[in-house]
Amino acid sequence: MSHYLIIGSGLIGRLTAWRLIQAGYRVSLLSKDDKTGTDSAGFIAASMVAPATEAVTSEPLVKTIGLRSYALWPQWLSELDEPVFYQNHGTLVVAHQGDKAEMARFEQRANHVLEAGDFQRLDKTSLAEREPELAERFEQALLFEQESCIDNRQLYKQLTTFIETHAEWVKTADIGELNHIEIERLTQAYLKRSADEFDAVLDCRGNGGRANLAELRSVRGEVIRVQAPEVDFKHAIRLMHPRYPFYLAPRPNNEYVLGATVIESDDRSQLTVRSGLELMSALYSLHKGFAEARILEMAAHCRPGLPDNLPTIKRTDWGYIINGFYRHGYLFAPAVVDDLCQVLAGNKEQIKFGALYDI
């Protein structure tokens, strides 16, 4: 039976461990994060799966990869022991009167990049049928039906329980740079075995993998989590803004995650006053009920991006690097992790996105 060593327990490390165990392989995992995952970008994220709306402001390949993940997520979630909240009603894109020009440019770009049927325009009556409370403040919207979002905290909890039960998982602050010497030292020190005993090492460290990917950069994102008993949105919502889009992702029990900023920075400090005010103002502008919402969390994290903002699998003399998910962790993860499993199984004909990889 093949035995793999995974470095990193963020979204990619956890999904990789879970899928490999499900496929019948042995897995050991080393991570500097706690097993809850609180230091992971995937733990902080709004966890949107938005193939079309993200492709509008990037490139068509984002939609292609994203649709593969969109198809895999329900299947994968059904294999977990307990349900994970999965909102699959689509995304509504709206804009205030002062941002109509941004909305027009977005729709124009959508018509250019996407296919007929990927989205539809809703007038006030149609919007009221879909999302009555949103129609109280907006006259129209664009609906992207093949989009969803996940309760990432529920997902992490399920994956934690599974991996703890079925794999060897050791926490260590000393990850190293993952050359042969560092790998051998880590495995001897923490796993009491030689690195040669593993079939491959899988580096899933995100920003922590910069020593092996010189072109990797950090992209800061900020979110606010609230509980708003007076708000009952069923869809994910994208609010147009001149500087960056705001995404609102619903959660159970009238909780919502609002994410926004895309800042080229590796700064992991707390939110600035400006960012906090912009996030809270965006919430209130969507629904007056957010005025009485309770703030549960304000957080920031950095996502790992490559120059083309697309993910990669790169083969090394000690294993594979899986990185570069940018701000699309939940959008890209199942598609790429599934390809990785095909690579490890030797099923090259089953790989969907081989052009992205250096294998």
Side-chain angles (χ1 to χ4, degrees), residues 10-11 33-34 36-48 50 53-54 57 91-103 105-106 133-134 136-138 149 151-153 206-208 217-231 233 236-251 253-305 309 325-330:
L11 176 65
D33 196 4
D34 60 56
T36 302
T38 53
D39 195 40
S40 161
F43 187 82
I44 301 297
S47 49
M48 301 280 293
T53 53
E54 287 301 313
T57 53
T91 300
L92 289 168
V93 181
V94 295
H96 292 295
Q97 189 62 40
D99 296 320
K100 291 296 184 183
E102 296 295 325
M103 183 69 145
R105 283 191 287 271
F106 183 85
E133 295 180 11
L134 196 63
E136 294 176 8
R137 292 200 171 187
F138 297 92
C149 64
D151 188 326
N152 51 338
R153 303 290 171 86
N207 284 293
R217 75 189 197 282
S218 296
V219 181
R220 176 180 166 96
E222 300 168 335
V223 302
I224 180 172
R225 290 172 174 262
V226 301
Q227 184 171 44
E230 297 179 25
V231 181
F233 287 148
I237 298 169
R238 174 171 176 150
L239 175 65
M240 300 305 299
H241 187 275
R243 286 190 297 279
Y244 35 71
F246 289 97
Y247 276 110
L248 184 72
R251 295 290 192 266
N253 303 316
N254 297 93
E255 292 185 13
Y256 299 88
V257 181
L258 181 72
T261 53
V262 183
I263 303 169
E264 296 286 334
S265 170
D266 59 3
D267 179 9
R268 285 286 310 278
S269 62
Q270 293 298 311
L271 266 67
T272 63
V273 170
R274 174 180 176 178
S275 293
L277 288 172
E278 287 184 335
L279 288 168
M280 287 184 280
S281 295
L283 278 175
Y284 182 66
S285 75
L286 285 171
H287 192 297
K288 64 182 181 180
F290 281 118
E292 298 302 320
R294 296 298 183 260
I295 297 173
L296 304 177
E297 180 181 321
M298 299 179 76
H301 211 292
C302 293
R303 291 74 57 90
N309 293 330
F325 288 78
Y326 186 50
R327 52 189 294 270
H328 303 314
Y330 288 85

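Counting from 1, the numbers follow the sequence of the chain as shown.
- Side chains of V94 and M240 form no contact here, defined as non-hydrogen atoms less than 4.5 Å apart.
- The heavy-atom pair separating S218 from N207 by the smallest distance is OG-OD1, 2.6 Å.
- Taking the side chain as every heavy atom from C-beta outward, L134 and L286 approach each other to under 4.5 Å.
- One finds the CD atom of E222 at 12.5 Å from the NE2 atom of H301 (value rounded to the nearest 0.5 Å).
- Taking CG of L271 as the start and CE of M298 as the end, the distance is 5.0 Å to the nearest 0.5 Å.
- Contact annotation: the side chain of R327 never approaches that of M48 to less than 4.5 Å [non-hydrogen atoms, C-beta and beyond].
- Contact annotation: the side chain of L239 approaches that of F138 to within less than 4.5 Å [non-hydrogen atoms, C-beta and beyond].
- Residues C302 and S265 form no side-chain contact, since every pair of their non-hydrogen atoms from C-beta on lies 4.5 Å or further apart.
- D266 places no side-chain N or O within donor-acceptor distance of the main-chain N or O of R217, the cut-off being under 3.5 Å.
- Remark: H287 pairs with F233 by the ring-ring contact (aromatic ring centres under 6.0 Å, His included) rule, at least two apart or across chains.
- With contacts defined as side-chain heavy-atom distances shorter than 4.5 Å, the pair V223/Y247 does not qualify.
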Evaluate R153 against I44 for side chain to side chain contact (heavy atoms under 4.5 Å, CB included), listing each step before the verdict. CA-CA 8 Å; R153 303 290 171 86; I44 301 297; 4.3 Å; yes
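- Partners of L296 according to the side chain to side chain contact (heavy atoms under 4.5 Å, CB included) rule, which considers only residues two or more places apart in sequence or in another chain, are R225, Q227, E255.
- Applying the side-chain hydrogen bond (donor to acceptor under 3.5 Å, both in side chains) criterion to D267, with sequence neighbours excluded, gives S269.
- Residues satisfying the side chain to side chain contact (heavy atoms under 4.5 Å, CB included) criterion with R274, sequence neighbours excluded, are R243, T272, E278.
- Scanning for ring-ring contact (aromatic ring centres under 6.0 Å, His included) contacts around H241 gives Y244, F246, with sequence neighbours left out.
- For the pair R137 and Y284, the cation-pi test (distance below 6.0 Å, angle within 45°) is passed.
- Atoms CD1 and CD, from I224 and E297 in turn, are 10.0 Å apart once rounded to the nearest 0.5 Å.
- Taking each heavy atom of A46 and A249 in turn, the nearest pair found is O-CB, 3.6 Å.
- With sequence neighbours left out, D39 forms a salt bridge (charged side-chain N to carboxylate O under 4.0 Å, His left out) with R268.
- By the salt bridge (charged side-chain N to carboxylate O under 4.0 Å, His left out) test, R105 pairs with E102, sequence neighbours left out.
- Contacts of Y256 classified as ring-ring contact (aromatic ring centres under 6.0 Å, His included), with partners at least two apart in sequence or in another chain: F290.
- For E292 against R294, the heavy-atom pair with the smallest separation is O-NH1, 2.8 Å.
- Q97 meets the side-chain hydrogen bond (donor to acceptor under 3.5 Å, both in side chains) test with no other residue; sequence neighbours excluded.
- For the residue pair A95 and M103, the shortest heavy atom distance occurs at CB-CB, 3.7 Å.
- For R251, the side-chain hydrogen bond (donor to acceptor under 3.5 Å, both in side chains) criterion is met by S47, N152, not counting sequence neighbours.
- Residues that satisfy the side chain to side chain contact (heavy atoms under 4.5 Å, CB included) test with T38, not counting sequence neighbours, are D33, D34, T36, F43.
- When the shell of 6.0 Å around NZ of K288 is examined, it contains 12 or fewer heavy atoms from other residues, nucleotides or ligands.
- Looking at residues two or more places apart in sequence or on another chain, you find a ring-ring contact (aromatic ring centres under 6.0 Å, His included) between Y326 and H328.
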